[in-house]
Amino acid sequence: MTDGQNLVKVGMADLNVVGNSGILRTTGLGSCVGLTLYDPQIKVAGMAHVMLPSSDIARENQINVAKYADTALPVLVDKLVELGASKRRLIAKMAGGAQMFAFAGSGDTMRIGPRNVESCKEMLKKLGISLYSEDTGANYGRTIEISSETGILTIRSVQKGVKEL
Amino acid sequence: MEIFSKLEGFKLDVLKEVGNIGAGHAATALSQLLNKPIDMAVPKVQILPFEDIAEKVGGAEKIVLTVFFRVEGDAPGNLFYIMGPEAGKSLLQRLGAFEPTEGLELTEMEQSALGEIGNILAGSYLSSLADFTNLAMSPTVPALALDMAGAILSYGMIQFGEMGDAALLIDTTFVQGNDEVEGQFFLIPDPESFDKIFTALGVPLDDD
């Protein structure tokens, strides 16, 4: 993984965009999903660290749009378009959505990882953006970063080492 | 978050006492298991942004060994016993049944033993809390993970995610004689559980 000068951290339930050869990174994805969008022509990248599938369940007064798949994705697209990206050129990749702990008879909360993945895919479909590649599911944590220079998504995990999408 | 605005001063002290009783019993259990003194720090009760919770164990990417329990019953929540991988290994050796091994990997036998140790500790933590509050609380079977702290702990924040961007954490650190950190207990009660805990202890949330 690179320690570029223009490294932008994306926190939990957070999203950001970067151009100018910058790098976006989010650490310790468990059941959360790290979704990235990239416009190869003007070389800008966006990343959202999605925690929950849908804002329908939100009970907070002021919704943090970056937290929910259904609200984060449209905002991320808008931010990229503001930077000059074209929606139809966007390439989507995602990682995370693990099921860190498995229990017999586990309820909805336990399946939160797979549900986050499903919801992100649904939103991409709605937005007309195709999913290029993914490294989701299983039972381990991931740290990911995307380079706005190359659009390569690098995924690092304790158990599986480094992988590129 | 509405619930946090009701949790000030005195009520946080009540939760601290809850952590103190639970962890106190767990420390005694660990001490008996290892036949050596285990001390514990005064529990900390903090309302932390999600981002900062993993910082309590060294950052989101720090590799930790965790025994996780879902707490079931009247006041559900998430309970984590978190160790450095080395502390976990040395714990196994001190039990006397395991040869020292290199690297981070754990054999099935070691995993099972750590899960069982976690079970004993969580059992004493929760049963003392249940006695104190008169609420039914029991741990699920233990689940073990050796992974990034951020990935593991974010799991305990999902219930809070629906309500805001912070969670309440009752954190107790176990130390061995020479200040070597033995492990950390994190109890993250579900948001709905606070009312039950406070009512059970005679200080209802809405009685301000």
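Protein chains get the first letters and strands the later ones, always in sequence-line order, with residue 1 at the start of each. Just so it is clear, the structure is predicted and the values come from calculations on it, not from any experiment.
Contacts between residues 72-83 of chain A and chain B, counted as heavy-atom pairs separated by less than 4.5 Å, involve no residue at all.
With contacts defined as side-chain heavy-atom distances shorter than 4.5 Å, the pair A:Met51/B:Phe50 qualifies.
Distance alone, capped at 3.5 Å, is enough to place a donor-acceptor pair between the B:Glu51 side chain and the A:Met12 backbone.
Proximity to chain B is absent for every atom of A:Asp14, based on heavy atoms less than 4.5 angstrom apart. With a 4.5 angstrom heavy-atom cutoff, B:Ile152 touches chain A via backbone and side-chain atoms both. For chain B, no part of A:Gln62 is nearby; none of its heavy atoms comes within less than 4.5 Å. For a residue to count as touching a neighbouring chain, one of its non-hydrogen atoms must lie under 4.5 Å from one of that chain's; by this rule B:Leu153 does not touch chain A.
The 12-atom threshold is exceeded at NZ of B:Lys56, counting heavy atoms of other residues, nucleotides or ligands nearer than 6.0 Å. Counting heavy atoms of neighbouring residues, nucleotides and ligands inside a 6.0 Å radius, atom CZ of B:Phe132 exceeds 12 of them.
To the nearest 0.5 angstrom, A:Leu52 atom CG is 9.5 Å from B:Gln159 atom CD. For the atom pair CG (B:Asp147) and CZ (A:Phe101), the distance works out to 8.5 Å, reported to the nearest 0.5 Å. In this structure, CD1 on A:Ile112 lies 5.0 Å from CD1 on B:Ile158, to the nearest 0.5 angstrom.
Heavy-atom minimum distance, A:Val158 versus B:Leu146: CG1-O, 4.4 Å. In this structure, A:Gly141 and B:Ala151 approach most closely via the heavy-atom pair CA-CB, 3.5 Å. A:Ser31 and B:Ser154 make their closest contact through N-OG, 4.5 Å (heavy atoms, listed as atom of the first residue, atom of the second, distance).
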Show your reasoning for whether side chain to side chain contact (heavy atoms under 4.5 Å, CB included) applies to A:Thr27 and B:Met148. CA-CA 9 Å; A:Thr27 50; B:Met148 301 176 193; over 6 Å; no

